[in-house]
Amino acid sequence: MSVTEQGLLERDKDTMTLNMGPQHPSTHGVFRVILEMDGEVVKTAEPEIGYLHTGIEKNCENKRYVHVIPMTDRLDYLNPPGNNLAFCLSTEKLLGIEIPERANALRVIMCELSRIASHLVWLGTHALDIGAMTVFLYCWREREMILDLNEEVSGVRMMTSYIRVGGVAKDATRPWLDGIRDFLDYFPAKVDEYERLLTRNPIWLDRTEGIGVFTREEAINWSLSGPALRASGVNWDIRKSQPYSGYDNYSFDVPIQTNGDIYDRYRVRVEEMRQSRAIIKQAMERLPGGDYKTPDNKVSLPARETLHTSMEALIHHFKLVSEGISVPKGETYVPIEGARGEVGFYIVSDGTNVPYRVKLRAPSFMAIPGMCKAMEGCYIADVVGIIGSIDIVMGEVDR
Amino acid sequence: MDWITEILNVTWNFIVLFLNENIPLVVGSVKAVIIAVAIMSVVPALVWLERRLMGRFQVRLGPNRVGPFGLGQPMADTVKLLFKESIIQSSADKFLFHLAPAVVVITAIAAFAVIPFGEPFEVFGQTIEMWGANVNSGILFVFAISGMGIYGMVLAGLSSNNKYSLMGGLRSSAQMISYELTLGLSALSIILLTGSLSLVDMVRAQETYPFILVQPLAFLLFFIAGIAETNRAPFDLPEAEQELVAGFHTEYTGMKFAMFFMGEYINMVTMSALVTLLFLGGWNAYGLPVWPIVSFAVKVFFLLCVFIWLRSTFPRIRYDRLMTFGWKILLPLCLLNLMVTSTVKVIWFP
């Protein structure tokens with residue numbers, strides 16, 4: 001259809017079709033939404049996804065279990081350890097192995113650090129969408145410290161692949177632990193700083209209160225999860241309800257708000273950053289000694305020095321490197337509480353070293369229909385606010 | 001060859017005669033050129049200042065690579081913009097598309113013509129006035145001209161044939177209508193106090209004390225409306241990049257884009273100068289041993305820094321709230337202020 005024809009078609013309508021994305025600055029990646037506008041007010045919103053399709057799920061069917069882990073990093077690229085953990089937990093359940101205490105504590109530290117980093121990116125970009133530019137750079141300053149910590153322990157800043165089947169990739173280093181301690185002391189004042197800039201700011205309140213509301217029922221029916229669900233008054237945190245990696249040993253609060261608007265989602269996430277800090281602090285205080293990965297040599301590589309003395313170690317090493325982990329036949333799903341909500345890999349194994357089918361339950365993907373429903377009747381300025389407050393990551397939507 | 005000498009002589013005599021008869025015209029032209037060049041060269045400096053200050057506010061450095069303290073950065077940017085290809089999409093209205101940035105810049109510079117920045121002084125027996133033109137309705141002239149500047153934005157939005165641009169243009173016209181009113185009404189209380197529309201008279205009326213002391217509310221309202229009028233954050237709705245990509249100038253590239261930019265910054269300076277003249281006593285230094293022009297410049301500079309400070313602090317207000325704020329809060333306050341001012345004036349200072 002030519003431009004003129006399109007114009008003729010649109011002339012008789014009372015509304016205007018506005019295409020937002022995939023190259024729009026505030027659709028958080030390549031999300032596209034087709035808005036039917038009446039002046040500045042949105043009548044209908046139709047989501048369009050698939051611009052970041054990477055084929056990761058399909059690709060997993062041709063990769064060994066160990067090789068899948070780096071790909072899970074690239075799904076929700078703001079919270080890679082969460083995805084690693086979700087995949088490893090499902091695999092470990094099929095394998096039926098126990099994870100050492102130290103590995104669990106390291107996993108918790110890594111996941112909570114990454115939850116803070118993810119929420120910082122969310123807060124920064126969300127505030128930027130609403131026009132508060134300075135908060136964005138403040139958040140980036142603190143996220144930088146977490147990325148440096150990631151680099152220290154795993155060698156990579158974002159796509160860490162630190163959590164592996166059977167434990168973690170490397171043991172904690174002294175500078176890493178010291179760095180985390182410094183960060184924990186430094187961070188609370190900074191959260192207060194963001195709150196000073198936003199929480200009682202009249203313009204911020206004006207832009208967030210009573211907008212993009214999900215009632216308790218709506219939030220459940222639209223299958224929201226994570227902070228967005230808790231902002232609607234549903235007390236549902238998988239760390240509490242189905243504890244994994246020893247989360248039941250930590251004492252922390254699950255922040256709940258009741259209105260389910262943008263402001264409440266903001267309050268929940270900001271409080272979650274404080275709670276994550278508390279969890280890391282507890283994990284650091286009681287970081288147990290021992291192995292950082294399972295001693296089962298059918299899953300994790302034997303120590304390098306044993307290769308020269310132990311025949312068995314050499315065989316295990318050879319089998320693991322050349323063949324990978326063989327996972328018993330079965331299917332399983334272990335959910336975790338990611339930064340955006342419930343993340344989990346449904347894995348079907350046919351008993352070989354390659355998964356038969358991997359299916360990701362991605363919170364961003366599940367939230368998109370409800371998010372677009374919430375846009376209807378809002379102003380165009382609220383559309384970017386709603387997208388920001390649900391905090392979608394297109395990597396895990398399109399996979 | 002006599003006839004050539006004859007012609008030259010006649011021409012020369014004519015020029016000398018013309019210049020002798022029309023000294024004000026010559027002085028006026030020279031002043032016009034100086035003011036136009038000065039105001040246009042303030043823009044790069046202001047862009048640099050804004051980027052550096054914003055950098056400090058936002059825990060980063062800002063431009064610091066080109067020249068000392070990054071002072072060369074605006075020049076480098078200008079050169080880049082000049083050499084950029086000017087792309088016009090095929091469905092745009094070409095004439096209006098070219099006209100729009102010109103309207104914005106021309107009106108912005110023209111508005112500055114009546115801004116005075118010092119008392120007149122004598123040189124070679126000639127009185128040199130420190131303003132481009134002392135129009136006796138100076139403030140009305142500024143409002144009229146800066147109101148015309150909005151046409152540039154509306155035209156840009158209309159001619160681009162882009163829905164985001166269109167919405168930006170519509171927003172700017174709506175914003176102009178609601179905030180021009182506040183701007184005018186809050187200035188009206190100053191006009192009541194001085195009994196003159198001339199900006200020079202207003203400054204002279206503030207020789208003992210600046211009007212901000214007697215009209216704090218009018219100052220606040222005028223400044224808020226001024227920010228909205230110049231489309232600066234938190235009222236930068238016509239170009240809200242997170243909603244409308246870049247608003248009315250989405251489709252513009254190269255120097256035409258830079259002209260919108262220039263217009264915005266010149267308007268910022270004009271608005272700061274206007275606030276200084278109306279409320280902060282213009283070039284009056286109140287006993288401080290500084291030149292009048294320095295006193296004026298310092299006040300304008302301070303206000304410009306406030307503009308930048310506000311930008312880095314506040315989120316953007318929403319379109320409907322902007323309208324509500326303008327019509328339901330600012331305007332009634334303005335009228336109230338005006339009523340009180342006129343009552344006090346009539347009863348106690350008739």
Side-chain angles (χ1 to χ4, degrees), chain A residues 2-4 6-7 10 15-21 23-28 35 37 39-42 124-142 144 190 193 196-198 201-209 211 378-385 387-388, chain B residues 50-51 53-62 89-93 160-171 174-175 224 227 231-247 250 308-325 329:
Chain A
S2 75
V3 176
T4 355
Q6 222 167 3
E10 289 205 343
T15 53
M16 176 174 85
T17 312
L18 187 71
N19 174 49
M20 200 179 217
Q23 288 137 323
H24 190 277
S26 355
T27 52
H28 289 236
L35 303 167
M37 309 282 299
E40 290 256 340
V41 181
V42 178
T125 51
H126 182 44
L128 188 67
D129 285 346
I130 294 186
M133 204 197 301
T134 306
V135 181
F136 172 71
L137 288 137
Y138 284 4
C139 290
W140 240 243
R141 174 183 59 190
E142 273 73 67
E144 194 64 24
K190 296 298 159 188
E193 192 179 348
R196 265 206 304 284
L197 274 167
L198 296 176
N201 184 326
I203 301 180
W204 178 261
L205 287 171
D206 203 48
R207 289 293 305 273
T208 56
E209 269 185 329
I211 293 161
C378 283
Y379 286 84
I380 186 170
D382 296 333
V383 169
V384 292
I387 295 177
Chain B
E50 170 154 38
R51 293 181 64 183
L53 268 185
M54 293 274 283
R56 294 288 159 191
F57 286 135
Q58 299 175 342
V59 291
R60 57 194 173 86
L61 293 170
Q89 35 151 211
S90 54
S91 53
D93 185 323
S160 297
N161 193 21
N162 175 324
K163 287 165 183 168
Y164 288 108
S165 302
L166 180 69
M167 289 179 84
L170 288 177
R171 279 181 176 191
Q175 190 169 328
I224 292 171
I227 297 166
N231 293 328
R232 291 280 304 177
F235 304 106
D236 55 344
L237 293 156
E239 45 181 315
E241 75 261 26
Q242 283 85 18
E243 300 148 28
L244 300 184
V245 188
T250 307
I308 296 166
W309 177 38
L310 288 176
R311 183 178 168 201
S312 58
T313 311
F314 281 117
R316 183 178 304 108
I317 204 163
R318 202 175 66 189
Y319 173 72
D320 62 317
R321 299 300 173 127
L322 179 90
M323 291 293 141
T324 320
F325 185 60
I329 299 173

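Just so it is clear: chains get the letters A, B, ... in the order the sequence lines come, proteins before strands, and each one is counted from 1.
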Greatest number of non-hydrogen atom pairs under 4.5 angstrom with chain B, of A:I203, A:I380, A:V384, A:L197, falls to A:I203
Could you give the distance from OH (B:Y164) to CG (A:N19), rounded to the nearest 0.5 Å? 6.0 Å
Taking only residues two or more places apart in sequence or in another chain, which ones pass salt bridge (charged side-chain N to carboxylate O under 4.0 Å, His left out) with A:E142? none
Minimum side-chain heavy-atom gap A:R207-B:R316 below 4.5 Å: yes
Flag the one option from A:F136, A:Y379, A:W204, A:Y138 with the top tally of heavy-atom pairs under 4.5 Å to chain B. A:Y379
In this structure, are over 12 heavy atoms from other groups packed under 6.0 Å from A:E193 atom CD? yes
Identify which of A:A132, A:G388, A:G385 forms the greatest number of heavy-atom pairs closer than 4.5 Å to chain B. A:A132
Distance-minimising heavy-atom pair for B:V59 and A:L137: CG2-O, 4.2 Å
Against chain A, label B:R318 side chain, backbone, both or neither, depending on which of its atoms sit under 4.5 Å from a heavy atom there. both
Under 4.5 Å from a heavy atom of chain B, the part of A:N201 involved: side chain
Any residue meeting salt bridge (charged side-chain N to carboxylate O under 4.0 Å, His left out) with B:R56, in chain and number order, not counting sequence neighbours: none
With rounding to the nearest 0.5 Å, note down the distance linking CZ in B:F314 to CG in A:L198. 11.5 Å
Portion of A:M37 that has a non-hydrogen atom of chain B nearer than 4.5 angstrom: side chain
Let me confirm one number: the CH2-OG1 distance from B:W309 to A:T134, rounded to the nearest 0.5 Å. 12.0 Å
Evaluation steps, side-chain contact (heavy atoms from CB on, under 4.5 Å), between A:E40 and B:R171: CA-CA 9 Å; A:E40 290 256 340; B:R171 279 181 176 191; 2.7 Å; yes
Which atoms of A:L205 come close to chain B, meaning under 4.5 Å heavy atom to heavy atom: side chain ones, backbone ones, both, or neither? neither
Which value, rounded to the nearest 0.5 Å, describes the distance between A:D382 atom CG and B:D320 atom CG? 7.5 Å
Proximity breakdown for B:Y319 and chain A, heavy-atom pairs closer than 4.5 Å: side chain
Please report the shortest heavy-atom distance between A:T17 and B:K163, naming the atom on each side. O-NZ, 2.6 Å
